[in-house]
Amino acid sequence: MKRMAKILVISAVAFVAVNDDVDACTRVVYVGDNNEVITGRTLDWRTPIGTNLYVMPRGMEREGYDQPNTIKWTSKYGSVVSVGYDVGVNEGMNEKGLVCNLLYLPGTVYSLPNDTRPYISTSVWAQYVLDNFATTSEAVAELKKDKFQINAPAMPGGNATTLHMAISDISGNSAIVEYINGVISIHEGMEYQVMTNAPTYDKQLAINEYWKRIGGMKMLPGTNNSSDRFVRASFYVDALPKDATHQMALAGVFGIINNCSVPMGISTPDQPEISSTQWRSVSDQKDKVYYFESTLSPAIIWVDLSKCDLRVGASVLKLDLINNKKTLVGEMNKHMEKSKPFTPMFHIPKDMKF
């Protein structure tokens with residue numbers, strides 16, 4: 001009878017995970033001795049997301065939307081960012097070692113009816129955090145003021161860019177930022193090392209607590225759905241030795257995100273949660289190195305932010321991966337070219353094809 005009850009509980013957890021999942025990105029933070037903090041993530045989707053890398057200097061004038069009712073700011077910190085479709089920032093790391101990652105969260109509602117607060121688009125939401133804050137606590141203190149509302153334009157096919165945000169800094173402090181029923185929800189603390197997608201974060205934590213009682217050395221859930229990846233990433237990041245060398249810590253984080261990746265070619269109609277990994281990244285927050293690996297070009301490239309000119313007035317640099325025809329590997333600093341900043345896509349036409 002006890003065995004049957006246990007099986008029923010496992011089945012129920014699996015059912016919740018499968019039916020609440022939508023997208024397959026995974027983010028994990030390793031915090032070790034000797035100031036080792038490393039953030040890794042996968043970006044998974046059912047169609048290719050062409051991505052370019054940019055280095056942004058300090059002192060850049062920004063606006064959150066293309067209408068008068070928006071927020072404006074000037075960047076305090078330089079950063080390296082990945083820009084999906086060359087129109088919106090997926091994630092990045094700034095010169096202070098602050099990392100910001102955006103992942104898909106279905107069911108997100110950013111604001112309530114008749115909201116009059118100024119807008120910021122999801123295409124520059126991560127850039128706003130990287131430009132303005134040096135630590136997770138700084139970012140959380142400002143975001144909690146809830147001064148703006150987020151605009152999420154519909155992507156081709158009708159899917160709105162409903163996202164939640166993960167932030168981590170050089171101390172290992174993390175924050176998970178979500179908008180639930182129009183209200184901001186923030187989890188902040190060293191313990192929030194993993195984020196995937198649906199369900200909302202409080203429910204993912206509850207599912208993970210159940211699997212902790214089983215013990216990862218006995219059994220781990222192995223599917224591609226969001227909650228299973230959350231459990232696996234949580235177990236593995238806890239299992240990594242905290243006294244690992246820098247090289248071993250990097251290898252460990254790459255190993256975790258590879259374990260949570262979805263093989264190329266896997267997709268299910270109307271279920272973007274069963275989607276191929278398009279690319280992986282690892283942000284070395286101690287040495288300020290941003291690593292990037294495309295699934296279609298399986299060689300790791302990186303940008304050493306500590307070697308970049310981030311002074312006010314310095315040029316924006318771009319690594320055009322979307323149009324690249326060469327095999328790239330290794331440090332890309334010398335391969336980046338002076339460029340205009342990317343143009344944020346505040347409104348995505350329904351008939352636009354990427």
Side-chain angles (χ1 to χ4, degrees), residues 13 16-17 20-21 25-42 91 93 96-103 105 126 129 133-144 163-180 183-218 220-221 225-244 249-250 252-257 259-260 281-286:
V13 171
V16 170
D20 282 339
D21 192 32
C25 302
T26 304
R27 167 267 198 186
V28 62
V29 181
Y30 169 82
V31 182
D33 300 338
N34 303 315
N35 300 315
E36 297 286 355
V37 181
I38 302 167
T39 298
R41 70 89 51 90
T42 68
E91 65 166 20
M93 175 174 62
K96 296 297 184 180
L98 187 78
V99 170
C100 183
N101 313 99
L102 298 181
L103 282 71
L105 178 63
V129 171
F133 308 113
T135 68
T136 300
S137 293
E138 284 181 18
V140 167
E142 186 63 27
L143 292 173
K144 278 184 175 179
L163 307 168
H164 56 170
M165 174 183 285
I167 307 170
S168 59
D169 64 20
I170 57 172
S171 74
N173 189 28
S174 283
I176 309 300
V177 183
E178 298 179 335
Y179 286 82
I180 303 170
V183 179
I184 192 169
S185 171
I186 302 178
H187 295 78
E188 181 188 3
M190 300 284 287
E191 67 269 33
Y192 301 120
Q193 293 172 267
V194 177
M195 184 173 85
T196 54
N197 311 103
T200 53
Y201 202 71
D202 56 342
K203 294 178 182 177
Q204 289 201 3
L205 292 173
I207 293 170
N208 192 48
E209 282 301 315
Y210 167 78
W211 282 100
K212 281 184 178 179
R213 293 195 296 271
I214 295 176
M217 296 301 291
K218 297 177 182 178
L220 283 172
N225 73 60
S226 178
S227 297
D228 284 6
R229 288 180 284 104
F230 189 102
V231 170
R232 292 203 306 278
S234 297
F235 171 75
Y236 286 125
V237 77
D238 285 343
L240 288 181
K242 298 300 180 284
D243 60 351
L250 282 170
V253 174
F254 268 107
I256 293 172
I257 61 172
N259 180 276
C260 294
S281 73
V282 169
S283 297
D284 178 352
Q285 290 155 266
K286 180 179 180 180

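Nothing here was measured: the structure is a model prediction, and the numbers come from that model.
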task: Just jot down the side-chain contact (heavy atoms from CB on, under 4.5 Å) partners of Glu138, sequence neighbours excluded, or say none.
output: Phe133, Ala134, Thr135
[X] [atom1] to [Y] [atom2] distance, which is reported to the nearest 0.5 Å:
{"X": "Ser174", "Y": "His187", "atom1": "OG", "atom2": "NE2", "value": "12.5 Å"}
{"X": "Asn259", "Y": "Phe254", "atom1": "CG", "atom2": "CZ", "value": "14.5 Å"}
{"X": "Leu105", "Y": "Ile180", "atom1": "CG", "atom2": "CD1", "value": "7.5 Å"}
{"X": "Ser185", "Y": "Lys144", "atom1": "OG", "atom2": "NZ", "value": "10.0 Å"}
{"X": "Phe235", "Y": "Ile256", "atom1": "CZ", "atom2": "CD1", "value": "10.5 Å"}
{"X": "Asn101", "Y": "Thr42", "atom1": "CG", "atom2": "OG1", "value": "10.0 Å"}

- prompt: Can you list the steps and then say if Val177 with Val129 is a side-chain contact (heavy atoms from CB on, under 4.5 Å)?
  reply: CA-CA 12 Å; Val177 183; Val129 171; over 6 Å; no
Do any N or O atoms from the side chain of [X] and from the backbone of [Y] form a donor-acceptor pair under 3.5 angstrom?
{"X": "Arg27", "Y": "Met165", "value": "no"}
{"X": "Glu91", "Y": "Leu102", "value": "no"}
{"X": "Asp169", "Y": "Thr136", "value": "yes"}

task: Show your reasoning for whether side-chain contact (heavy atoms from CB on, under 4.5 Å) applies to His164 and Leu103.
output: CA-CA 6 Å; His164 56 170; Leu103 282 71; 3.8 Å; yes
task: State which residue, out of Glu36, Lys286, Gln285, fulfils the side-chain contact (heavy atoms from CB on, under 4.5 Å) condition with Ile170.
output: Gln285
- line: Of Thr39, Leu98, Val29, the one forming a side-chain contact (heavy atoms from CB on, under 4.5 Å) with Ile167 is Leu98
Looking only at non-hydrogen atoms, find the nearest pair between [X] and [Y] and report the distance.
{"X": "Ile176", "Y": "Ala166", "value": "CD1-CB, 4.1 Å"}
{"X": "Gln193", "Y": "Val31", "value": "NE2-N, 4.1 Å"}
{"X": "Tyr30", "Y": "Val237", "value": "CA-CG2, 3.9 Å"}

- request: Name all residues meeting the side chain to side chain donor-acceptor pair (under 3.5 Å) criterion together with Glu188; count only those two or more places apart in sequence or in a different chain, and write none if there are none.
  value: Ser137, Asn173
- prompt: When you look at NZ of Lys242, are more than 12 heavy atoms from neighbouring residues, nucleotides or ligands closer to it than 6.0 Å?
  reply: yes
task: Establish, from distance only, whether the side-chain atoms of Arg229 and Thr26 form a donor-acceptor pair under 3.5 Å.
output: yes
